[in-house]
Amino acid sequence: MTSLPASPSATMGRRRFLQLGSLAAAAPLILPARLRGAAAPSNLIHVAIIGTGNIAEGHLTTLLGYPERGRIVAVCDVDRDRRDRAAARVDAAYGAKGCASVNDFREVTRRADVDAVWVCTPDHWHALIALDAVRHGKDAYVEKPLTLTIEEGRALISAARQHGRIVQHGTQHRSMKRFFDAAGYVRSGGLGKLERIEVAIPPNNRFIGASWEPEAVPEELDWDLWLGPAPGRPYHSSGCHYNFRFISDYANGQVSNWGAHYLDIGQWALDMDASGPIAVEGHGHFPTSGLFTCATHVDFTCHYANGIPMSCRTRQEGGGTVRFIGERGWIDIARNAMSASSNDLLREMQRPGKSVTLARSDNHHENFLDCIRSRALPVADVEIGHRTTTVCNLGQIAMTLGRKLRWDPVTESFPEDPVANRLLGRAARSPWSVV
Amino acid sequence: MVGAEAGPNVDPWTEVVRLEYGGDGSFAAILREQVARTPAAGLGRLEAQLLRALAAPDLTEAGRDFLCSQLALVGSAAAVPALAALLANAESADAARLALERIPGPEADAALLAGLATLTGRARTGLVGSIGARRSAGARDALARLAADPAEDAELRAIAARSLALLRPATVGTAP
């Protein structure tokens, strides 16, 4: 069974449509055997949650609200306390014992009764777990950022296409009306000629001193498996759960935390879901000592072939937003607020009937579950997620090197900078591998 | 423990050798900045400094890992012998691969393949991942042997098989 979503095929550029069409034809998106045909043992999509910390809480709440569509059959975490709490929550919600609670994700990806996984681990694990899942016939919802490196993202796309798996990137703004309206409005020329896009991200919300003492690993934590492909280092409680996002061995700070959401909407409005900028420049303030190594102040700008720049900057007050500035004024869209240079622009933005109609989803989880059944590409397909994650990584690389870099979005390389090219991937700690 | 601020009289190349996990990282930060900002013409000299530091007798584990992470960015064939020596030891093999996997050229390819003669267990599986990640046609025979060898670890064999699939098909007349 091979299909493409009706609305994306009708609205995405011809090049992108042909690209996806040819991929789908070469590697059909295969329905899991467990769900096939009238004799299927269950109409429910069986789900496993891998990583049960902060980010998984919301996913658990949402999925437990769909008992008729999806059932959580397993949870996995290298922290025994966390995974057991999550399993108990699942069992309590279903009123029955039976949710498996496991330490090693490979116990989940090899289960015959799992159709799809939610990858909610720290960022340095996203690619390897998602790769293992699709290689074992599972569809995957992967939290943002899709991967830690650009090379990992391309590897994940290849594996997803090769194995015919659905991969949804956890950029749920794609399934929120205001962002859908904004991207469609900008792309339809609602602001007149678009001049620039400005993304604002919040500052780091955790701090630690210039030095730290290694600590004993808690008895409930499998620290070796937590580290996984990341370079080895001694344990410290401030460098593990949640705070991993401020350490560059595991994440890219707020760029890939909040930035991934808002840069994604910029990419959408620019019709860059299968491409990206052609240059990037920027500077960051990096801590000079201590456990945290990601930039505490971010300032980078991506330049696109159409001449439009998209910047990403830390602001001390307020959360993330994406602001589109055009010849008719500006609109500023955040998760919980929106504003504009005039109310007329906001009213126009929310009206239907734009000249460009984008892929529509009103619920990111439901879109993924729908696509598991229909085998259509989801609204934040893996290629889209990769291109957005690439923008995050380009900013990170430009800030690290402190120079303007030319980027080729076709070859996914820096044509003039061999040092920058070495930052496209990283060697994994033994025994892990992105291959 | 709070280390001294890097001042004008302190040589970061000396201090970074004694880097400890959790200790003052400001010397490493100075060198990281140098590595990132040095123009192409100066990279050879910088690489030589990194290699001198890597050879220091009082080099710590954290210092070694930091220096290898920087050689991943600017290392060349000149760095391969020192890294190959680290690769031969399971304790330092991951640090060596951190650099070797990213250094272009046949010297790094050869060093990684040579590591197969000594490394065992999880270090060997990681090594095969690095060999595969480089997609070097010269690794085809070794990868084919590993993929087919029932004595090898199952995950290692799977990585070798996937690595082979990433290589372009052999041209007529070359070994399978």
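Residue numbering restarts at 1 for every chain, and letters A, B, ... go by the order of the sequence lines. Only heavy atoms go into these numbers, but all of them, side chains included; no hydrogens, no water, no symmetry mates.
- Judged purely by atom type and a 3.5 angstrom limit, R403(A) uses its side chain to pair as donor or acceptor with the backbone of A36(B).
- Interface with chain B: from residues 233-246 of chain A, residues R233(A), P234(A) qualify, criterion being any non-hydrogen pair under 4.5 Å.
- Across S289(A) and G25(B), no two heavy atoms sit closer than the pair OG-N, 2.7 Å.
- Here CZ of R429(A) is found 10.0 Å from CZ of R97(B). Values are rounded to the nearest 0.5 Å.
- Salt bridge R102(B)/E151(A): present, at least one basic N to carboxylate O contact under 4.0 Å.
- Formation of a donor-acceptor pair under 3.5 Å by the D94(B) side chain with backbone atoms of S430(A) is found in this model.
- In terms of heavy-atom pairs under 4.5 angstrom with chain A, the leader among I159(B), V74(B), I103(B), L73(B) is L73(B).
- Heavy-atom distances place both the backbone and the side chain of V419(A) under 4.5 Å from chain B.
- Residue-environment remark: CZ (R45(B)) stays at or below the threshold of 12 foreign heavy atoms within 6.0 Å.
- R122(B) has its side chain within reach of D224(A): a pair of non-hydrogen atoms, C-beta onward, lies under 4.5 Å apart.
- Contacts of L100(B) with chain A are absent, with no heavy-atom separation under 4.5 Å from either backbone or side chain.
- For the side-chain hydrogen bond (donor to acceptor under 3.5 Å, both in side chains) test, no residue two or more places apart in sequence or in another chain qualifies with R422(A).
- Proximity to chain B is absent for every atom of D417(A), based on heavy atoms less than 4.5 angstrom apart.
- When heavy atoms are compared at a cutoff of 4.5 Å, A72(B) approaches chain A solely by way of its backbone atoms N, CA, C and O.
- If you tally non-hydrogen atom pairs under 4.5 Å between each of G402(A), G425(A), S433(A), A428(A) and chain B, the highest count goes to G425(A).
- With a 4.5 Å cut-off on non-hydrogen atoms, L291(A) does not touch chain B at all.
- Of all non-hydrogen atoms in V435(A) and S163(B), the two that sit nearest each other are CG1-OG, 3.1 Å.
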